[in-house]
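Down below is the structure, laid out as structure tokens.
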Amino acid sequence: MAIPGAVVQRQQLRTELKKARAKSRLTQLQVAERMDWSPSKLIRIESGQVGISTNDLRALLREYGITDQEQAEYFLGLARASRKMPYREYRGLLAKPYLDLLSYEISASIVRAFQPLLIPGLLQTEEYARALSHAFTPDLSADQVDRMIEIRQQRQELLESEGPPEFFFVIDEAVIHRWIGGPGVMRGQLNRLKEMAARPGITIQVVPFSAGAHSGLQGPFVLLEFDGDIDHILYQEQYAGESVFSDAPEATAAYLERFWELERMAPPEDLPSLIDRAIEGLSDRADTTRLEEVGVAT
């Protein structure tokens, strides 16, 4: 299972290194020249894209004038912990941005997710997730699909844990009306939504069709907030192409405002009735399909 805190340790390390460089009044180019590095290496370290070896970190701290042993050990401890990244055994199966998202979720204090097309992964039933896997990646073997489901189930253990993170989900009404895997699969999925919404620490809201066009239609996103002096993270999911992370304050602030706007359109008390109508629609459409099939047969 995943190692809580490792990804946040890397995030904390990059934040502290940027602060130390700023305090030393050195630019990235100056540091790279003194360390005999390419500028891109320091940029990747400070952005959290790569880790840093113990020897490189010691040398970097000397350039920043950090000679106190206790302070140096604090940095080294962050570096060691950041290497114990979770879900490592699935690296060959899943894209790195998605693995990073799973890692950030483990240590987040608040997770806010919006989805305009699909049930969020944390809330998917096994049958719904299998149907998506077959649709999105039909070339996967049965064993690979099983491993994908295994990852999903491990990820969902967060919903059973006591304490943080706290989860806020907003979905578009189109999500609960789209048949994924057929009416039986959707009925089970919709009932699971009602069950999860009743649990403490989990809020699920649906933006109704009557809201019309809204900013969420531009695409799905996840906002992750952390305790302590750690920047919030924005994850913009791409169905085709590589998903994008950002910790730029202007980006996370803008998407937080967008999320609050979507919440205002989706009263939580409307969720049960919206889901019940969607379940009734499953039966109505299934009956219509059977009648059409009988008509064709006769």
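Since the model is a prediction, treat every value here as computed from it, not as a measurement.
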Close side-chain approach of [X] to [Y], heavy-atom, < 4.5 Å:
X      : Y      : result
Leu223 : Ile233 : no
Glu173 : Val207 : no
Pro120 : Ile171 : yes
Met186 : Ile180 : yes
Phe114 : Pro116 : yes
Leu158 : Phe167 : yes
Thr125 : Ile119 : no
Tyr235 : Asp100 : no

*Would you mind listing every salt bridge (charged side-chain N to carboxylate O under 4.0 Å, His left out) that reaches into residues 216-225, with sequence neighbours excluded?*
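Matches after skipping sequence neighbours: Arg112-Glu225.
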
*asked:* Give me each pair satisfying salt bridge (charged side-chain N to carboxylate O under 4.0 Å, His left out) with a member in residues 126-135, each pair once, sequence neighbours excluded.
replied: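 For residues 126-135: Glu126-Arg130, Arg130-Asp146.
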
*Take Leu282 and Trp179 through the side chain to side chain contact (heavy atoms under 4.5 Å, CB included) test and state the conclusion after the steps.*
CA-CA 8 Å; Leu282 291 173; Trp179 282 19; 2.8 Å; yes

Identify each donor-acceptor pair in which a side-chain atom of residues 58-65 lies under 3.5 Å from a protein atom, sequence neighbours left out, and give them as a table.
none

*Taking Ser246 for the side chain and Ala248 for the main chain, is one N or O donor matched with an acceptor at less than 3.5 Å?*
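Confirmed, Ser246 side chain pairs with Ala248 backbone.
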
Kindly write out the residues that satisfy side-chain hydrogen bond (donor to acceptor under 3.5 Å, both in side chains) with [X], not counting sequence neighbours, or none if the list is empty.
X      : answer
Arg199 : Glu160, Glu195
Lys194 : Asp276
Glu73  : Gln69

[atom1]/[X] to [atom2]/[Y] distance, rounded to the nearest 0.5 angstrom?
X      : Y      : atom1 : atom2 : value
His232 : Ile110 : NE2   : CD1   : 7.5 Å
Ile202 : Leu193 : CD1   : CG    : 10.5 Å
Glu237 : Leu117 : CD    : CG    : 9.5 Å
Gln144 : Thr137 : CD    : OG1   : 8.5 Å
Phe169 : Met196 : CZ    : CE    : 7.5 Å

*For Tyr74, what residues pass the ring pair (Phe, Tyr, Trp, His ring centres under 6.0 Å) criterion, not counting sequence neighbours?*
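Ring pair (Phe, Tyr, Trp, His ring centres under 6.0 Å) list for Tyr74, sorted by chain: empty.
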
_Applying ring pair (Phe, Tyr, Trp, His ring centres under 6.0 Å), can you list everything that pairs with Tyr255, at least two apart in sequence or on another chain?_
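In terms of ring pair (Phe, Tyr, Trp, His ring centres under 6.0 Å), with neighbours along the sequence ignored, Tyr255 is linked to Phe221.
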
*Trace of the side chain to side chain contact (heavy atoms under 4.5 Å, CB included) decision for Asp172 with His214*: CA-CA 10 Å; Asp172 189 85; His214 56 79; 2.8 Å; yes

*Quick one: do the Gln153 and Glu157 side chains pair a donor with an acceptor below 3.5 Å?*
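Not at all, the side chains of Gln153 and Glu157 share no donor-acceptor pair under 3.5 Å.
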
*Answer yes or no: does atom CG of Asp36 have more than 12 heavy-atom neighbours from other residues, nucleotides or ligands under 6.0 Å?*
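Count not over threshold, so no.
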
Heavy atoms only: give me the nearest [X]-[Y] pair and the separation to one decimal.
X      : Y      : answer
Ile66  : Phe75  : CD1-CE1, 3.8 Å
Ile204 : Leu271 : O-CD2, 3.6 Å
Met35  : Asp56  : CE-O, 3.8 Å
Gln189 : Leu123 : NE2-O, 2.9 Å
Leu57  : Ala79  : CD2-CB, 3.7 Å
Thr27  : Gln30  : N-OE1, 2.9 Å

*Run the numbers on Glu257 and Glu261 for side chain to side chain contact (heavy atoms under 4.5 Å, CB included), then give the verdict.*
CA-CA 6 Å; Glu257 289 289 344; Glu261 175 190 352; over 6 Å; no

Run the side-chain contact (heavy atoms from CB on, under 4.5 Å) test against [X] and tell me which residues pass, sequence neighbours left out.
X      : result
Gln28  : Arg21, Leu42, Ile43, Glu46
Pro267 : Glu269, Asp270
Ala198 : none
Glu33  : Leu29

_Under the criterion side chain to side chain contact (heavy atoms under 4.5 Å, CB included), I'd like the reasoning laid out for Leu274 against Phe209: C-alpha separation, chi angles, the key distance, then a yes or no._
CA-CA 10 Å; Leu274 286 169; Phe209 287 140; over 6 Å; no

_So that I can tick it off, tell me whether Arg14 and Asp247 are bridged by a salt bridge, with the cut-off set at under 4.0 angstrom between side-chain N and carboxylate O._
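Answer for the salt bridge query: yes.
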
